[in-house]
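Residue numbers run from 1 in the order of the sequence given.
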Amino acid sequence: MAAAAAEQQQFYLLLGNLLSPDNVVRKQAEETYENIPGQSKITFLLQAIRNTTAAEEARQMAAVLLRRLLSSAFDEVYPALPSDVQTAIKSELLMIIQMETQSSMRKKVCDIAAELARNLIDEDGNNQWPEGLKFLFDSVTCNAVGQMATDFAPGFQKKFHEKVIAALLQTMEDQGNQRVQAHAAAALINFTEDCPKSLLIPYLDNLVKHLHSIMVLKLQELIQKGTKLVLEQVVTSIASVADTAEEKFVPYYDLFMPSLKHIVENAVQKELRLLRGKTIECISLIGLAVGKEKFMQDASDVMQLLLKTQTDFNDMEDDDPQISYMISAWARMCKILGKEFQQYLPVVMGPLMKTASIKPEVALLDTQDMENMSDDDGWEFVNLGDQQSFGIKTAGLEEKSTACQMLVCYAKELKEGFVEYTEQVVKLMVPLLKFYFHDDILQPLNTKLAAAESMPLLLECARVRGPEYLTQMWHFMCDALIKAIGTEPDSDVLSEIMHSFAKCIEVMGDGCLNNEHFEELGGILKAKLEEHFKNQELRQVKRQDEDYDEQVEESLQDEDDNDVYILTKVSDILHSIFSSYKEKVLPWFEQLLPLIVNLICPHRPWPDRQWGLCIFDDVIEHCSPASFKYAEYFLRPMLQYVCDNSPEVRQAAAYGLGVMAQYGGDNYRPFCTEALPLLVRVIQSADSKTKENVNATENCISAVGKIMKFKPDCVNVEEVLPHWLSWLPLHEDKEEAVQTFNYLCDLIESNHPIVLGPNNTNLPKIFSIIAEGEMHEAIKHEDPCAKRLANVVRQVQTSGGLWTECIAQLSPEQQAAIQELLNSA
């Protein structure tokens, strides 16, 4: 006992040294603390927290360290503890919370309990500490509940929606404690942001009633006492509920909008800037939720309020919180108003471009300079060694990121209406694609993502100015995009740049890349594919390592997912090149051919085979009949993979066989004959229509249709056609659904006897197929195919008895679908 007490006493000294202003003492204490085993740390820290006679600073430090330990090293420390010790820790924490008299200390212990509870819930929301979670709900430890709602969405919401919403609303009614009310409102925001709409709707009436009464009360308090903390959070809660509820919020719109407009109009004092900004956000989110038709009654008033704020924009201080809220609100108004928003661009674009053009302040500092600067100054530092650091002032960079995203929104929504601004925006965005030293600090991720996403959108906007202007803009961005594909290290940004580049090629078409571009791009894509194979080998080596465990496998799986995603973007780029350049590009493609062939080898993982097949699908579709030159590499695998275990591989193979029939030359004829029984086998298998298999099956059905339509002499059409009709309609794969419905229209319009049946006896079945397609929204009403189907129905409509017979055999839902088609197409 004496030894344990001495050790604990030593630990109190250590806690004191961790708080020491002396750098040397503090650093030594940190090293000593790091070397204490995890289990001992928990024992010492809990003892320090429990000891009310210890110095308050030491107890608070122990609480911070214990929470940090559970947050950063839970998997290494907690599961290894004996179960009785785990139980004791849980009980101890709940007891300390109940006994603790200091509010700040109680809050810190609540945070520890919440961190433990958070770690004891798995990703599906299963809870291994029910009494702990119940305690947190009963005391409504709001921060903890909010954090768990974010961390475990949507599983947490699905399991605990009833308890959480009731508890948070009850806590928000606690008029005696403003801070607790504000925390409850903040937790409600966390909960509703990630809550599935269907779960929230049953609570909507109750939620709205509470939020409205609290808002009215807090608005009165603001006027009478100047208190605003709870009102700020409640306004954001309303916005979050509306954002999740979408059109279901329409009945409550008139309840909130007058008060919200009143706040924006009157909350003009400096101390109310954050409230005003949040209210502007709330109005724009409600407008987006309820839609243009409902919002138009207030659109003019809201726009005038925003315009008035905007004219004061230049007088705002750089750190005014209204700026970022305004920028986002304008973009939402653009989404609501569509083309009608164009008239406001001259007012909006100046401040937006100013914010989007913010450049970070950078400096080279020695250790002494760094110590004189506090974190509050908004600087981040990167150690360069030799007592030197690279400092970056990050203030304003988040606002810059938001502004860049809003520019993307305007280009996307307004298209040619944004053309006046394309030149200045492209000059801003292209340099953002470059990779810089410590890019993660210099440029937030979303800034680069926005820059990449903007490129094809800006080309679409500029198209209205004619080919010369469009080509100049493309030349300005093309080199930067290709270089960025070769140098960008972040996989999320890289995939967006690759996707953007592919879209740009689709916009620009044949001739947009010169020989130098092709040479550089070929080298980069080759390197990406080689890296893909090398990374897979390295992962296999790591799986043989003695340290290999579930955690390592999880990390390797994440790496694999990233690699596969980049592979999909390689496929996107090749697709855009093949669709633009056709067979002219095949000689260039040959440098990549061995690597693509390697992707479809039988021993490769299924995503490799899927995407390798997709690339060869493009070769067949866009480069036939010249594609047959490479048939020796892909034909056998394609036929073999149509029956593969992986539905994704089956789908890619089936699509390839379909385009082979549609676009391939005479050389492919015998392979169409060979493909048919394989496709039929997949379609007729017992589980062909299950959720995971249906897309592959629909591609097989479509491929059978294409073989009959484009290579009819390769199969016995009269024998196959009745089977094919029995498999219709397709409704999951919308593109293939259009193909099959168009072929069905061909057959009906040519009065094909097998399709119509003797004396048109098959027409009720055809009506049923058309109705089912309409019910599943398989074809958009603006598609010419919808008009063809409607005309088939109208033709029967004129024949009296036949029409009655067809309609009589449909269910009420099918009859309504036929009427909808006739009304819309």
Side-chain angles (χ1 to χ4, degrees), residues 4-5 7-16 18-19 33 36 38-74 77-78 81 84-121 127-149 163-164 167-168 170-187 229:
E7 281 186 341
Q8 187 67 40
Q9 202 53 45
Q10 282 293 109
F11 191 74
Y12 287 133
L13 287 172
L14 181 64
L15 287 174
L18 285 169
L19 292 162
Y33 175 78
I36 299 173
Q39 186 171 343
S40 303
K41 272 183 191 166
I42 290 180
T43 305
F44 288 141
L45 291 168
L46 257 180
Q47 175 60 34
I49 294 165
R50 188 194 308 128
N51 185 358
T52 52
T53 62
E56 188 64 26
E57 296 86 356
R59 293 183 71 216
Q60 299 236 7
M61 184 64 172
V64 169
L65 290 172
L66 183 51
R67 184 184 179 196
R68 197 177 292 165
L69 182 67
L70 291 173
S71 169
S72 62
F74 178 85
V77 176
Y78 190 84
L81 297 171
D84 59 327
V85 176
Q86 292 182 6
T87 305
I89 291 169
K90 293 174 191 170
S91 306
E92 185 92 17
L93 284 170
L94 298 185
M95 191 171 68
I96 293 170
I97 293 170
Q98 289 165 299
M99 305 292 288
E100 182 57 55
T101 54
Q102 291 278 348
S103 61
S104 62
M105 190 64 197
R106 192 187 312 115
K107 183 187 176 306
K108 281 187 167 55
V109 183
C110 278
D111 288 343
I112 298 168
E115 189 62 49
L116 182 57
R118 195 178 73 77
N119 278 291
L120 291 172
I121 297 175
N127 175 23
Q128 297 167 49
W129 189 23
E131 66 275 20
L133 202 59
K134 182 180 185 305
F135 180 86
L136 291 173
F137 285 158
D138 292 345
S139 59
V140 188
T141 316
C142 302
N143 289 355
V145 172
Q147 191 60 50
M148 284 188 277
K163 283 183 181 174
V164 172
L168 291 177
Q170 187 182 342
T171 309
M172 284 171 74
E173 298 284 356
D174 179 4
Q175 302 300 335
N177 194 326
Q178 296 260 341
R179 193 158 291 281
V180 170
Q181 278 187 302
H183 284 316
L229 177 68

Nearest heavy atoms of [X] and [Y], plus distance in Å:
X: Tyr33; Y: Lys41; answer: O-CE, 3.0 Å
X: Ala58; Y: Leu15; answer: O-CD1, 3.7 Å
X: Leu18; Y: Met61; answer: CB-CE, 3.8 Å
X: Gln39; Y: Leu81; answer: CG-CD2, 3.1 Å
X: Leu69; Y: Gly38; answer: CD2-O, 4.2 Å

*asked:* Quick one: does any side-chain atom of Gln102 pair with a main-chain N or O of Ser104 as donor and acceptor, under 3.5 Å?
replied: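 A pair under 3.5 Å: no.
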
*Under 3.5 Å: donor-acceptor pair, side chain of Ser71, backbone of Arg67*: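 Not at all, since once roles are kept as given, no pair shorter than 3.5 Å links the two residues.
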
*What distance separates Leu120 CG from Gln86 CD, expressed to the nearest 0.5 Å?*
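If I round to the nearest 0.5 Å, the distance is 7.5 Å.
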
*Could you state the interatomic distance from CD (Gln47) to CD (Gln8), rounded to the nearest 0.5 Å?*
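It comes to 4.5 Å.
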
Using a 4.5 Å cut-off on heavy atoms from C-beta on, say whether the side chain of [Y] contacts that of [X].
X: Val180; Y: Val140; value: no
X: Arg59; Y: Asn51; value: no
X: Thr101; Y: Thr52; value: no

*For Glu57, side-chain hydrogen bond (donor to acceptor under 3.5 Å, both in side chains) partners two or more places apart*: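 Residues passing side-chain hydrogen bond (donor to acceptor under 3.5 Å, both in side chains) with Glu57: none at all.
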
_Verdict with supporting geometry, Leu93 and Leu46, side-chain contact (heavy atoms from CB on, under 4.5 Å)_ = CA-CA 8 Å; Leu93 284 170; Leu46 257 180; 4.1 Å; yes

*Looking just at side-chain N and O atoms, do Glu115 and Asn119 make a donor-acceptor pair shorter than 3.5 Å?*
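Note: Glu115 and Asn119 side chains meet the donor-acceptor criterion.
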
*asked:* Using the side chain to side chain contact (heavy atoms under 4.5 Å, CB included) definition, which of the options Leu116, Leu45, Ile89, Val109 pairs with Leu66?
replied: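 Output: one option passes, namely Leu45.
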
*With side-chain contact (heavy atoms from CB on, under 4.5 Å) as the test, would you mind laying out the steps for Ile49 and Ile112 before giving the verdict?*
CA-CA 11 Å; Ile49 294 165; Ile112 298 168; 3.8 Å; yes

*What residues, two or more places apart in sequence or in another chain, satisfy ring pair (Phe, Tyr, Trp, His ring centres under 6.0 Å) together with Tyr12?*
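With neighbours one apart ignored, the set is empty.
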
_Looking at Met95, I'd like to know if its CE atom is crowded, meaning that more than 12 non-hydrogen atoms belonging to other residues, nucleotides or ligands lie closer than 6.0 Å._
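Enclosed: over 12 neighbouring heavy atoms sit under 6.0 Å from CE of Met95.
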
*Which of parallel (below 30°), tilted (30 to 60°) and perpendicular (above 60°) describes Phe11 and Phe44?*
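Geometry flag for Phe44 against Phe11: parallel rings.
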
